[in-house]
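Hydrogens, waters and symmetry mates are skipped; everything else that's a heavy atom, side chains included, is used.
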Amino acid sequence: MSIEENTNLLIEAARKGDTPEVQRLIPLSDPTCNDSQALVCAASGGHTQCVRLLIPVSVLKSPALNLAAGKGYTQCVKLLLPAYDLKAKSSALFWATANGHTDCVKLLILASDPKVDNSFALQKAFANAHQSCIDLLYPVSDL
(Lines give C-alpha, C1' and ligand atoms only; values in the text may rest on other atoms or scores of the structure.)
Protein backbone atom coordinates (compact mmCIF):
# COMPACT_ATOMS: atom_id res chain seq x y z
CA MET A 1 0.00 0.00 0.00
CA SER A 2 1.08 3.57 -0.58
CA ILE A 3 1.76 6.10 2.18
CA GLU A 4 -1.43 7.94 1.17
CA GLU A 5 -3.54 4.80 1.49
CA ASN A 6 -1.99 3.98 4.86
CA THR A 7 -2.55 7.56 5.99
CA ASN A 8 -6.23 7.28 5.13
CA LEU A 9 -6.39 4.02 7.08
CA LEU A 10 -4.63 5.71 10.00
CA ILE A 11 -7.18 8.52 10.03
CA GLU A 12 -10.04 6.01 10.00
CA ALA A 13 -8.45 3.93 12.77
CA ALA A 14 -7.99 7.08 14.88
CA ARG A 15 -11.62 8.05 14.25
CA LYS A 16 -12.73 4.63 15.51
CA GLY A 17 -10.28 4.59 18.42
CA ASP A 18 -8.60 1.44 17.15
CA THR A 19 -5.37 1.73 19.15
CA PRO A 20 -3.59 -1.38 17.80
CA GLU A 21 -4.31 -0.32 14.22
CA VAL A 22 -3.12 3.24 14.88
CA GLN A 23 0.07 1.88 16.38
CA ARG A 24 0.60 -0.42 13.38
CA LEU A 25 -0.06 2.31 10.82
CA ILE A 26 1.99 5.18 12.28
CA PRO A 27 5.31 4.04 10.76
CA LEU A 28 3.62 3.25 7.43
CA SER A 29 1.81 6.56 6.97
CA ASP A 30 2.19 10.34 7.20
CA PRO A 31 0.57 11.37 10.51
CA THR A 32 1.25 15.05 9.72
CA CYS A 33 -1.00 14.88 6.68
CA ASN A 34 -3.88 17.39 6.54
CA ASP A 35 -2.86 19.18 9.74
CA SER A 36 -2.60 15.93 11.63
CA GLN A 37 -6.11 14.75 10.80
CA ALA A 38 -5.54 11.47 12.64
CA LEU A 39 -4.82 13.34 15.88
CA VAL A 40 -7.84 15.56 15.32
CA CYS A 41 -10.07 12.51 14.82
CA ALA A 42 -8.68 10.74 17.89
CA ALA A 43 -9.05 13.83 20.10
CA SER A 44 -12.55 14.68 18.89
CA GLY A 45 -13.61 11.12 19.65
CA GLY A 46 -12.02 11.05 23.10
CA HIS A 47 -9.72 8.17 22.15
CA THR A 48 -7.04 8.76 24.77
CA GLN A 49 -4.69 5.92 23.82
CA CYS A 50 -4.71 6.94 20.17
CA VAL A 51 -4.04 10.55 21.14
CA ARG A 52 -1.09 9.38 23.26
CA LEU A 53 0.38 7.53 20.26
CA LEU A 54 -0.21 10.35 17.78
CA ILE A 55 1.09 13.35 19.75
CA PRO A 56 4.79 12.65 19.14
CA VAL A 57 4.31 12.25 15.38
CA SER A 58 1.78 15.02 14.71
CA VAL A 59 1.83 18.69 13.83
CA LEU A 60 0.38 20.33 16.90
CA LYS A 61 -1.10 23.33 15.17
CA SER A 62 -4.27 21.34 14.62
CA PRO A 63 -7.56 21.97 16.44
CA ALA A 64 -7.22 18.75 18.45
CA LEU A 65 -7.04 20.53 21.83
CA ASN A 66 -10.09 22.70 21.07
CA LEU A 67 -12.11 19.70 19.98
CA ALA A 68 -11.17 17.60 23.01
CA ALA A 69 -11.94 20.49 25.39
CA GLY A 70 -15.16 21.41 23.61
CA LYS A 71 -16.40 17.84 23.91
CA GLY A 72 -15.24 17.43 27.50
CA TYR A 73 -12.60 14.75 26.96
CA THR A 74 -10.55 15.56 30.04
CA GLN A 75 -7.96 12.80 29.60
CA CYS A 76 -7.25 13.89 26.04
CA VAL A 77 -6.93 17.51 27.19
CA LYS A 78 -4.41 16.42 29.85
CA LEU A 79 -2.32 14.68 27.20
CA LEU A 80 -2.49 17.54 24.72
CA LEU A 81 -1.92 20.48 27.07
CA PRO A 82 1.89 20.29 27.28
CA ALA A 83 2.18 20.32 23.49
CA TYR A 84 0.23 23.53 22.85
CA ASP A 85 1.07 27.20 23.30
CA LEU A 86 -0.76 29.72 25.49
CA LYS A 87 -2.97 30.97 22.67
CA ALA A 88 -4.22 27.46 21.85
CA LYS A 89 -4.84 26.74 25.54
CA SER A 90 -6.87 29.94 25.84
CA SER A 91 -8.96 28.98 22.84
CA ALA A 92 -9.55 25.53 24.34
CA LEU A 93 -10.65 27.16 27.61
CA PHE A 94 -13.24 29.13 25.68
CA TRP A 95 -14.62 25.97 24.03
CA ALA A 96 -14.68 23.99 27.27
CA THR A 97 -16.55 26.84 28.94
CA ALA A 98 -18.95 27.31 26.04
CA ASN A 99 -20.02 23.69 26.46
CA GLY A 100 -19.96 23.61 30.26
CA HIS A 101 -17.18 21.04 30.66
CA THR A 102 -16.09 21.91 34.17
CA ASP A 103 -13.30 19.35 34.49
CA CYS A 104 -11.65 20.64 31.33
CA VAL A 105 -12.13 24.22 32.51
CA LYS A 106 -10.30 23.36 35.75
CA LEU A 107 -7.32 22.05 33.78
CA LEU A 108 -7.26 24.90 31.32
CA ILE A 109 -7.53 27.67 33.91
CA LEU A 110 -4.15 26.61 35.23
CA ALA A 111 -2.64 26.69 31.73
CA SER A 112 -3.99 30.02 30.48
CA ASP A 113 -3.63 33.72 31.29
CA PRO A 114 -5.81 34.13 34.38
CA LYS A 115 -6.85 37.69 33.57
CA VAL A 116 -7.30 38.18 29.84
CA ASP A 117 -8.27 34.72 28.66
CA ASN A 118 -10.53 33.80 31.52
CA SER A 119 -12.54 37.00 31.07
CA PHE A 120 -13.58 35.88 27.57
CA ALA A 121 -14.37 32.41 28.88
CA LEU A 122 -16.31 33.92 31.80
CA GLN A 123 -18.39 35.99 29.39
CA LYS A 124 -19.20 32.79 27.48
CA ALA A 125 -20.08 31.00 30.73
CA PHE A 126 -22.52 33.80 31.60
CA ALA A 127 -23.99 33.78 28.08
CA ASN A 128 -24.62 30.04 28.28
CA ALA A 129 -25.65 30.02 31.95
CA HIS A 130 -22.96 27.49 32.95
CA GLN A 131 -22.94 28.29 36.66
CA SER A 132 -20.23 25.76 37.53
CA CYS A 133 -17.90 27.37 34.98
CA ILE A 134 -18.80 30.84 36.27
CA ASP A 135 -17.88 29.73 39.78
CA LEU A 136 -14.48 28.53 38.57
CA LEU A 137 -13.66 31.47 36.32
CA TYR A 138 -14.94 34.45 38.29
CA PRO A 139 -12.25 34.38 41.02
CA VAL A 140 -9.43 34.39 38.44
CA SER A 141 -10.87 36.85 35.93
CA ASP A 142 -10.49 40.60 35.70
CA LEU A 143 -14.23 41.29 35.56
Side-chain angles (χ1 to χ4, degrees), residues 3-4 6-143:
I3 289 177
E4 288 178 21
N6 283 325
T7 301
N8 289 333
L9 291 173
L10 174 67
I11 292 167
E12 188 57 31
R15 180 176 285 114
K16 292 177 181 176
D18 186 344
T19 305
E21 188 68 356
V22 166
Q23 190 167 23
R24 183 185 77 77
L25 288 166
I26 286 174
L28 305 173
S29 63
D30 178 8
T32 64
C33 180
N34 300 326
D35 291 328
S36 297
Q37 189 64 36
L39 178 63
V40 170
C41 288
S44 68
H47 304 300
T48 308
Q49 294 306 318
C50 293
V51 168
R52 186 183 320 277
L53 292 170
L54 290 163
I55 287 172
V57 296
S58 297
V59 175
L60 296 171
K61 301 285 184 200
S62 70
L65 181 61
N66 284 352
L67 291 167
K71 291 186 175 188
Y73 296 129
T74 308
Q75 295 306 313
C76 289
V77 170
K78 283 181 185 178
L79 290 172
L80 291 163
L81 265 176
Y84 281 82
D85 64 15
L86 184 63
K87 184 177 178 180
K89 293 172 184 176
S90 300
S91 178
L93 175 64
F94 179 84
W95 287 108
T97 302
N99 293 296
H101 298 301
T102 320
D103 289 337
C104 289
V105 170
K106 288 176 188 175
L107 289 172
L108 291 159
I109 283 173
L110 300 173
S112 63
D113 183 331
K115 296 294 181 198
V116 177
D117 302 323
N118 293 345
S119 296
F120 292 120
L122 181 60
Q123 291 171 18
K124 193 61 164 178
F126 274 115
N128 291 334
H130 294 305
Q131 188 61 49
S132 60
C133 293
I134 294 167
D135 294 343
L136 290 169
L137 292 165
Y138 188 76
V140 295
S141 74
D142 63 353
L143 292 182

S.K.: Once side chain to side chain contact (heavy atoms under 4.5 Å, CB included) is applied, do any residues pair with Asn6, and if so which ones, sequence neighbours excluded?
M.R.: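 Only Met1, Leu9, Leu25, Leu28, Ser29 meet the side chain to side chain contact (heavy atoms under 4.5 Å, CB included) criterion with Asn6.
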
S.K.: Please report, to 0.1 Å, the donor-acceptor pairs under 3.5 Å made by any side chain of residues 48-57, with sequence neighbours excluded.
M.R.:
residue : atom : partner : partner atom : Å
Gln49   : OE1  : Arg52   : NE           : 3.4

S.K.: Among Leu110, Leu122, Leu108, find the residue that satisfies the side chain to side chain contact (heavy atoms under 4.5 Å, CB included) test when tested with Leu93.
M.R.: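 Only one of Leu110, Leu122, Leu108 forms a side chain to side chain contact (heavy atoms under 4.5 Å, CB included) with Leu93, namely Leu108.
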
S.K.: With salt bridge (charged side-chain N to carboxylate O under 4.0 Å, His left out) as the rule and sequence neighbours excluded, what pairs involving residues 120-138 come up?
M.R.: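 Salt bridge (charged side-chain N to carboxylate O under 4.0 Å, His left out) check on residues 120-138 returns no pairs.
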
S.K.: With sequence neighbours left out, what residues match Asn128 under side-chain hydrogen bond (donor to acceptor under 3.5 Å, both in side chains)?
M.R.: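 Asn128 satisfies side-chain hydrogen bond (donor to acceptor under 3.5 Å, both in side chains) with no residue once adjacent residues are dropped.
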
S.K.: What residues form a salt bridge (charged side-chain N to carboxylate O under 4.0 Å, His left out) with Glu21, not counting sequence neighbours?
M.R.: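 Only Arg24 meet the salt bridge (charged side-chain N to carboxylate O under 4.0 Å, His left out) criterion with Glu21.
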
S.K.: For the CD atom of Gln23 and the CG atom of Asp18, what is their distance to the nearest 0.5 Å?
M.R.: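 Answer for the CD-CG pair, Gln23 versus Asp18, is 10.5 Å.
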
S.K.: Should we say atom CD1 of Ile3 is surrounded by more than 12 heavy atoms from elsewhere, each under 6.0 Å from it?
M.R.: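 No, the 6.0 Å shell around CD1 holds no more than 12 heavy atoms from other groups.
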
S.K.: Would you indicate whether the side-chain heavy atoms of Leu65 and Lys89 approach each other to under 4.5 Å?
M.R.: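 Result yes, sub-4.5 Å side-chain heavy-atom pair found.
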
S.K.: Once side-chain hydrogen bond (donor to acceptor under 3.5 Å, both in side chains) is applied, do any residues pair with Glu12, and if so which ones, sequence neighbours excluded?
M.R.: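 Glu12 satisfies side-chain hydrogen bond (donor to acceptor under 3.5 Å, both in side chains) with Arg15 only.
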
S.K.: Please identify each residue that fulfils side chain to side chain contact (heavy atoms under 4.5 Å, CB included) with Leu136, with sequence neighbours left out.
M.R.: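 Side chain to side chain contact (heavy atoms under 4.5 Å, CB included) check on Leu136 returns Thr102, Val105, Lys106, Ile109.
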
S.K.: Side chain to side chain contact (heavy atoms under 4.5 Å, CB included) with Thr32: which residues, sequence neighbours excluded?
M.R.: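 Thr32 satisfies side chain to side chain contact (heavy atoms under 4.5 Å, CB included) with Asp30, Val59 only.
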
S.K.: Just verifying a value: how many Å separate Ile11 CD1 and Cys33 SG, rounded to the nearest 0.5 Å?
M.R.: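 Taking CD1 in Ile11 and SG in Cys33, the distance rounds to 5.5 Å.
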
S.K.: Could you pull out every donor-acceptor pair under 3.5 Å between side chains of residues 67-83 and any protein atom, sequence neighbours left out?
M.R.:
residue : atom : partner : partner atom : Å
Lys71   : NZ   : Ser44   : O            : 3.2

S.K.: Contact between Cys41 and Gln37 at the side-chain level, heavy atoms closer than 4.5 Å - yes or no?
M.R.: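 Yes. Closest side-chain heavy atoms under 4.5 Å.
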
S.K.: Not counting sequence neighbours, which residues clear side-chain hydrogen bond (donor to acceptor under 3.5 Å, both in side chains) with Thr7? List them please.
M.R.: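 Here no residue qualifies.
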
S.K.: Which atoms form the tightest heavy-atom contact between Asn66 and Ser91, and what is the distance?
M.R.: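 Nearest pair, atom of Asn66 first, then Ser91: ND2-OG, 3.0 Å.
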
S.K.: For Gln131, I'd like to know if atom CD has over 12 heavy atoms of other residues, nucleotides or ligands within 6.0 Å.
M.R.: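 Count over threshold, so yes.
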
